[in-house]
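Presented below is the structure to which this report refers.
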2 protein chains.
Amino acid sequence: MVAMETTATTEPIALLRGAGLRVTDSRVAVIAALDERPHSGVDTVLTAVATVLPSTSRQAVHNVLNDLTEAGIARRIEPAGQPGLYELRVGDNHHHIVCQRCGAVADVDCVTGHAPCLTPSTTSGFDLSEAEVTFWGVCSACKASQADAGETTP
Amino acid sequence: MVAMETTATTEPIALLRGAGLRVTDSRVAVIAALDERPHSGVDTVLTAVATVLPSTSRQAVHNVLNDLTEAGIARRIEPAGQPGLYELRVGDNHHHIVCQRCGAVADVDCVTGHAPCLTPSTTSGFDLSEAEVTFWGVCSACKASQADAGETTP
DNA sequence: ATCTTGTTTTTACTGTGTCAAAAGTAGGAC
DNA sequence: GTCCTACTTTTGACACAGTAAAAACAAGAT
């Protein structure tokens, strides 16, 4: 554990300590990976972590991501038809826009105008706790390569 | 093929013919099942269909549901952490509210007030095509049995 | 430095869904 | 009414994402 010259981009150690989680290389590396590439899946995180800690197992990444999510350090999103993705932005209620061709994800701050931004017209007796919005579209990269465009789900 | 006393609730045969799909027992049964229990998963549909056509395979249900979805007769939704669910309401842009305990799903007609109901504040260069809203909460049944909280996925 | 407890590895397994070839059936043509 | 062909269904195998559990190991307190 290095730790003296800390103050990395998101201060992984402070995040972990603050959540009462042990500071381990894997966790620090996962947080760093998510900080660099938000909306990463397990595979992407594993690849990034493996450049620093080659012995890391996929299961370890699953464990760490689950731990971080439970601790409120990370957030998991799961666009339909894709494996779960993780990001460090938590606590602010932001949404996502997903590319229907390549699966790229970008953040969307909030729906225009309204602060609570969403209230269902009928709650059907449910106790409402959260509104999740996913926008679907085509990212600029995919728009550019209009012609070929992967063959999956236009 | 029974079919004489048709005119069921959603006229499955007309739906299939209109979409250029062949009318088969399985398809009619699947449509009937979805009509009775919207937001059903493959298993639920299979159970319902099997009471009428006991030889039906799970694969057949997958095939039929995929066909119906492609034909625009059914719509697939996929709340995070749950297998895909299907419903016959298509074409109207409605949303869903999902119970965080038991997974129950109810329809929500639209977000209050606004007609286009959703526009992202920033599109990050995406061509927007659709907005999907999922509300999360606790259904009345789960509220009632607060203590134990069921585990069954209805 | 040692101990305790939490973390990671390893291996196996479950659930959800897809793929592909063979067998069977709907629906139009005769 | 009967036959033919293309579309459906069955069967069985497989892919992918994630979970489960026990043994090896490391963080942090004493």
Rounded distance in Å - CD (Q59(B)) to P (dT10(D)): 10 Å
Does a side-chain N-to-carboxylate-O contact under 4.0 Å join R89(B) and D109(B)? yes
Would you compute the distance between atom OG1 of T44(B) and atom CD of E36(B) and round it to the nearest 0.5 angstrom? 12.5 Å
Measure OH/Y86(B) against C1'/dT16(C) and give the value in whole Å, please. 10 Å
Nearest-nucleotide wise, let me know which of A60(A) and D43(B) is further upstream toward the 5' end of DNA chain C. A60(A)
Comparing R58(B) and G20(B) on DNA chain D - which has the more 5′ nearest nucleotide: G20(B)
From L34(A) atom CG to L88(A) atom CG, the distance as rounded to the nearest 0.5 Å: 4.5 Å
Taken to the nearest whole Å, CG/N66(A) to C1'/dG6(C) is 16 Å
Which part of the nucleic acid, if any, lies within reach of G41(B) when heavy atoms closer than 4.0 Å are counted: base, sugar-phosphate only, or nothing? nothing
Report the distance from atom CG of D67(A) to atom C1' of dA27(D), rounded to the nearest whole Å. 15 Å
Separation of R27(A) CZ from I31(A) CD1 (nearest 0.5 Å): 9.0 Å
Closest-nucleotide 5' rank along DNA chain C - winner of L21(B) and R22(A): R22(A)
Within the pair R27(B) and dC7(D), is there a side-chain N or O less than 4.0 Å away from OP1 or OP2? no
Answer with base, sugar-phosphate or nothing: what part of the nucleic acid does R17(A) contact at a heavy-atom distance below 4.0 Å? sugar-phosphate
Give the rounded distance in Å between these two atoms: CD of E70(A) and C1' of dT19(D). 13 Å
Contact under 4.0 Å: T24(B) side-chain N or O vs dC7(D) OP1/OP2: no
For H62(B) and dA13(D), what is the distance between atoms NE2 and P respectively, to the nearest whole Å? 17 Å
From CZ of R76(A) across to P of dA17(D) the rounded distance in Å is 11 Å
Looking at T134(A) and E132(B), would you say the former's side chain and the latter's main chain have a donor-acceptor pair under 3.5 Å? no
Using a cut-off of less than 4.0 Å, is there contact between a side-chain N or O of N63(A) and OP1 or OP2 of dG6(C)? no
Interatomic distance where CG belongs to L65(B) and C1' belongs to dT8(D) [whole Å]: 14 Å
Indicate, yes or no, whether a donor-acceptor pair under 3.5 Å links the base of dA17(D) to the side chain of E78(A). no
